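Heads up, the thing below is written out as structure tokens.
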Amino acid sequence: MALSRISWRYYSNGACRGWIGATGQFSVELLFLFLTVAFWTAGFDVIYATQDAEYDRRVKLHSIPARFGIEKALRISKGFHLISFASLLLLSLLSPLGWLFFIGVMIVGAIMVYEHSLVKPNDLTKVGVAFFQMNGIISITMLVFAIGDLLL
């Protein structure tokens, strides 16, 4: 659980370093890339952490599910993913990427909605599917559509 406290920073900072390394500059698009990755990671970390809520309470870890309960934690995760999607949408509109990237963004939004439909406060049996499979699909979808757009 302690790892998830830093994972959003690790992944979003990596995205920023990659952007600056590739472009050589800081830009508004970089801000939206950072927000996209940070809130996407935070959202799926909260989903995964719901499995450990009782343990976290017992050992006094202050995770979102332990502090707010599983139902509210899942709402917070949805909020994080909404911010992530909005940032990704703004990135697609501000960047020189075109219609193919935009289609990828819409698909990612739909996958995020589906991801949240899998996990219920009273049924965490599909956390693994939501966490591992859906986020793997999101990653590959954005990669394929971004590269496809650049090659067009």
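Since the model is a prediction, treat every value here as computed from it, not as a measurement. Values below: all heavy atoms of this structure, side chains included; hydrogens, waters and symmetry mates excluded.
No side-chain N or O of Trp99 forms a donor-acceptor pair with one of Asp149 less than 3.5 Å apart.
Looking only at side-chain heavy atoms (C-beta outward), Pro121 and Leu74 come within less than 4.5 Å of each other. When side chains are defined from C-beta on, Phe85 does not count as touching Thr36, because their heavy atoms never get closer than 4.5 Å. With a 4.5 Å cut-off on side-chain heavy atoms, Phe80 and Ile64 count as touching. Between His81 and Trp40 there is a side-chain heavy-atom pair separated by less than 4.5 Å. Looking at heavy atoms from C-beta onward, Val129 lies out of side-chain contact with Glu115 at the 4.5 angstrom threshold. Residues Phe132 and Tyr48 form a side-chain contact, since some pair of their non-hydrogen atoms from C-beta on lies under 4.5 Å apart. For the pair Met112 and Lys78, the minimum side-chain heavy-atom distance is 4.5 Å or more.
No single ILVMFWY cluster, assembled from side-chain heavy atoms under 4.5 Å apart, contains both Val113 and Ile111. Transitive grouping of hydrophobic side chains (ILVMFWY, heavy atoms separated by less than 4.5 Å) keeps Leu31 and Leu82 in distinct clusters. Both Leu150 and Val108 are members of a single hydrophobic cluster when ILVMFWY side chains are connected at heavy-atom separations under 4.5 Å. Linking Ile, Leu, Val, Met, Phe, Trp and Tyr whenever their side-chain heavy atoms come within less than 4.5 Å puts Met106 and Leu88 in one cluster.
Nearest heavy-atom pair, Ala73 versus Val46, reported as atom, atom and distance to 0.1 Å: O-CG1, 3.3 Å. Minimum heavy-atom separation, Ala130 to Val119: CB-CG2, 3.6 Å. For the residue pair Ser77 and Gly43, the shortest heavy atom distance occurs at OG-O, 2.7 Å. Looking at every heavy atom in both residues, Ile47 comes nearest to Thr50 through O-OG1, 2.6 Å.
Under a 4.0 Å N-O distance rule, the pair Glu71/Arg75 qualifies as a salt bridge.
Remark: Lys72 NZ is loosely packed, at most 12 non-hydrogen atoms of other residues, nucleotides or ligands lying under 6.0 Å away.
Ring-centre distance between Phe101 and Phe145: not below the 6.0 Å cut-off.
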